[in-house]
**Q** 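Quick one: this structure, given as structure tokens, is what I'll be asking you about.
Residue numbers start from 1 in every chain, and the chains themselves are labelled A, B, ... in the order their sequence lines are given, proteins ahead of strands.
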Amino acid sequence: MPVGTLATVKTLSPAELRDIQAQIILGNTYHLYLRPGHELVRRAGGLHGFMSWDRPILTDSGGFQVMSLSGLRKITPDGVRFQSHIDGSYHFFTPEKVIEIENALGADIIMAFDECPPYPATRAYVENSLKTTLEWAKRCRDAHRETDRQALFGIVQGGVYDDLRVRSAEELMKMDFPGYSIGGLAVGEDKKDMFRITDLLNDILPKNKPRYLMGVGTPLDLLKNIRNGVDMFDCVMPTRNARKGSLFTWKGKLIVKAARYKEDFSPVDPDCDCYTCRNFSRAYLRHLFSVDELLGMRLATIHSLHFYLELVGACRKAIIEDRYEEFFNEHAENLDRLIDNDTG
RNA sequence: GGAGAGGUUCCCGAGCGGCCAAAGGGAACAGACUGUAAAUCUGUCGUCAAAGACUUCGGAGGUUCGAAUCCUCCCCUCUCCA
């Protein structure tokens with residue numbers, strides 16, 4: 001899922017998103033509540049109407065912002081008191097409030113309000129935080145009942161503590177959500193911990209419901225976590241890195257703004273059929289970044305999102321054809337490397 | 001012709017006897033980025049056989065233990081007045 005925090009996948013139009021086969025995109029409760037305000041979005045016809053995107057949307061609950069804006073909030077059992085990162089104004093988020101906002105935003109899939117523990121965090125902190133998250137999940141589900149045209153996912157927390165993760169998943173499953181998110185990973189912990197936990201949850205979460213690993217990740221992270229049973233991902237990496245001149249390809253990461261591509265007139269990836277690779281050279285992209293032209297960010301974003309969606313599309317195909325391991329072994333090694341001078 | 005200001009490391013620009021290979025900014029170069037406070041942040045940025053040495057602050061001389069900083073002459077810019 002391409003990330004479109006503020007009701008826009010940065011730099012792209014909905015038409016361009018459709019061109020690269022985006023099926024669903026993400027929005028963010030906290031950010032859209034602050035600006036332009038969820039009631040305004042409701043009046044605009046929900047996120048779909050407001051941003052003119054007629055395919056599915058998922059909204060995150062703001063739980064992640066509870067962590068990432070940690071200097072600006074205070075957590076209580078009832079909810080979180082936030083200070084706006086924009087103007088310093090105070091706001092109080094409860095599970096009920098978050099559901100109200102997400103109802104107004106009108107996404108197809110919405111997230112329960114959770115508390116995402118930072119890393120590192122003590123076991124005592126994570127255990128306490130998990131307790132809060134589970135209570136909030138229940139309150140979210142209760143508050144959401146009457147508007148069940150939106151699918152509400154519960155979020156598994158528990159940090160890097162296996163037993164807490166298991167407890168989290170089992171308690172959420174009792175609440176019978178239509179899908180389960182895995183949160184609190186890729187926040188600084190060792191990769192081994194991340195993979196161990198998704199592997200652990202693979203045997204616990206129901207097989208007939210989607211599992212969504214929140215905020216992950218690199219192409220290789222996707223491949224490894226798909227092997228561990230994850231069905232859905234979102235990550236800012238393809239879009240954010242693209243805006244900074246760093247692109248993803250099947251052959252690895254390519255920092256197209258680098259001087260080594262100044263006179264490289266080959267496409268970013270000769271085998272890629274995205275709009276960018278079909279029409280423009282590395283040298284041209286490098287030039288656009290070098291002179292700080294907007295089109296550079298757009299073309300780069302188009303390429304990297306296309307690549308990510310192609311990557312997961314290829315994963316789906318391999319799974320259906322029952323040859324995922326083979327597919328994995330074929331590509332895993334390349335995905336992680338830095339292309340330093342490959343003229344195509 | 002008269003009066004004045006100034007020439008600093010790729011650029012702009014501070015420094016005005018030692019703590020100066022020389023602030024700061026820009027450019028350049030390399031990289032980071034994982035439920036987006038992100039068109040952001042970090043590092044490098046005179047040379048070398050490199051915890052040391054060497055060469056730099058328009059040029060040439062000089063003063064001094066020591067000069068980008070003081071003195072002399074020269075070269076060159078710019079502003080104002082004729």
**Q** Rounded to whole angstrom, note down the C1' distance from B:U56 over to B:A67.
**A**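 After rounding to an integer number of Å, I get 13 Å for this pair.
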**Q** For B:C10, which nucleotide in any strand shown is its Watson-Crick or wobble partner with both distances under 3.5 Å?
**A**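 Paired with B:C10, as far as the under-3.5 Å criterion goes, is B:G26.
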**Q** Is there a Watson-Crick or G-U wobble partner for B:C57 with both distances under 3.5 Å, and if so, which one is it?
**A**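 When the pairing criteria are applied, nothing turns out to pair with B:C57, so the answer is none.
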**Q** Under a 3.5 Å cut-off for both distances, is B:A68 Watson-Crick or wobble paired, and to whom?
**A**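 Partner of B:A68: none.
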**Q** Less than 4.0 Å between a side-chain N and a carboxylate O, is that true for A:Arg167 and A:Glu127?
**A**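 Salt bridge between A:Glu127 and A:Arg167, a charged N being under 4.0 Å from a carboxylate O: yes.
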**Q** In whole Å, what separates the P atom of B:C16 from that of B:C20?
**A**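 To the nearest whole Å, 12 Å.
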**Q** What is the pairing partner of B:C80, taking Watson-Crick or G-U wobble pairs with both distances under 3.5 Å in any strand?
**A**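 Matched B:C80 with B:G2 under the 3.5 Å cut-off.
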**Q** Provide the distance between the two P atoms, one in B:U47 and one in B:C10, to the nearest whole Å.
**A**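 Rounded to whole Å, the distance is 10 Å.
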**Q** In whole angstrom, give me the gap between the P atoms of B:A37 and B:G46.
**A**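 Going atom to atom, P in each nucleotide, I get 37 Å.
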**Q** For B:C16, which nucleotide is its Watson-Crick or G-U wobble mate, given both distances must be under 3.5 Å?
**A**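 Pair assignment: B:C16 / none.
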**Q** Should B:C48 form a Watson-Crick or G-U wobble pair with both distances under 3.5 Å, which nucleotide is its partner?
**A**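 Checking every strand shown, B:C48 finds its partner in B:G52, with both distances under 3.5 Å.
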**Q** Considering every strand shown, what is the Watson-Crick or G-U wobble mate of B:U36 when both distances are under 3.5 Å?
**A**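 Its partner is none (no Watson-Crick or G-U wobble pair with both distances under 3.5 Å).
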**Q** Kindly check if the number of other-residue, nucleotide or ligand heavy atoms within 6.0 Å of NE2 (A:His91) is above 12?
**A**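 Count over threshold, so yes.
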**Q** Is it possible for you to say whether A:Leu12 and A:Leu294 belong to one hydrophobic cluster, with membership spreading through side-chain heavy-atom contacts below 4.5 Å?
**A**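 They do share one cluster, since a chain of ILVMFWY contacts under 4.5 Å joins A:Leu12 to A:Leu294.
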**Q** Using atom C1' in both nucleotides, what's the gap between B:U9 and B:U44 to the nearest angstrom?
**A**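 Pairwise C1' distance, B:U9 against B:U44, rounds to 15 Å.
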**Q** Contact between A:Arg139 and A:Asp78 at the side-chain level, heavy atoms closer than 4.5 Å - yes or no?
**A**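 In short, these two side chains touch, coming nearer than 4.5 Å.
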**Q** Rounding to the closest angstrom, what is the interatomic distance between B:G13 and B:G18 at atom P?
**A**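 My reading of the P atoms in B:G13 and B:G18 gives 24 Å.
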**Q** Base, backbone or nothing for each nucleotide of nucleotides 31-40 of chain B, written B, S, -, heavy atoms under 4.0 angstrom, 5' to 3'?
**A** BBBBBBBBBB
**Q** For this output row, return yes or no: ring centroids of A:Tyr284 and A:Phe265 closer than 6.0 angstrom.
**A**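 Judged by ring-centre distance (under 6.0 Å), A:Tyr284 and A:Phe265 do not meet the cut-off.
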**Q** For B:U69 and B:G59, measure between their P atoms and round to the nearest Å.
**A**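 These two P atoms come out 10 Å apart once rounded.
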**Q** When you check the gap from the basic side-chain N to the acidic O, do A:Lys209 and A:Asp176 get nearer than 4.0 Å?
**A**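 A salt bridge links A:Lys209 with A:Asp176.
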**Q** Touch check for A:Arg73, heavy atoms < 4.0 angstrom, all strands: base, sugar-phosphate only, or nothing?
**A**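 It contacts nothing in the nucleic acid.
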**Q** Go ahead and name the base partner of B:C41; Watson-Crick or wobble counts if both distances stay under 3.5 Å, otherwise write none.
**A**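 Matched B:C41 with B:G31 under the 3.5 Å cut-off.
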**Q** I want to check something: taking the side chain as every heavy atom from C-beta on, are A:Met173 and A:Tyr180 in contact at a cut-off of under 4.5 Å?
**A**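 Yes, at least one pair of side-chain atoms sits under 4.5 Å.
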**Q** Determine the Euclidean distance between corresponding C1' atoms of B:G58 and B:G6; express it in Å to zero decimal places.
**A**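 It works out to 11 Å between them.
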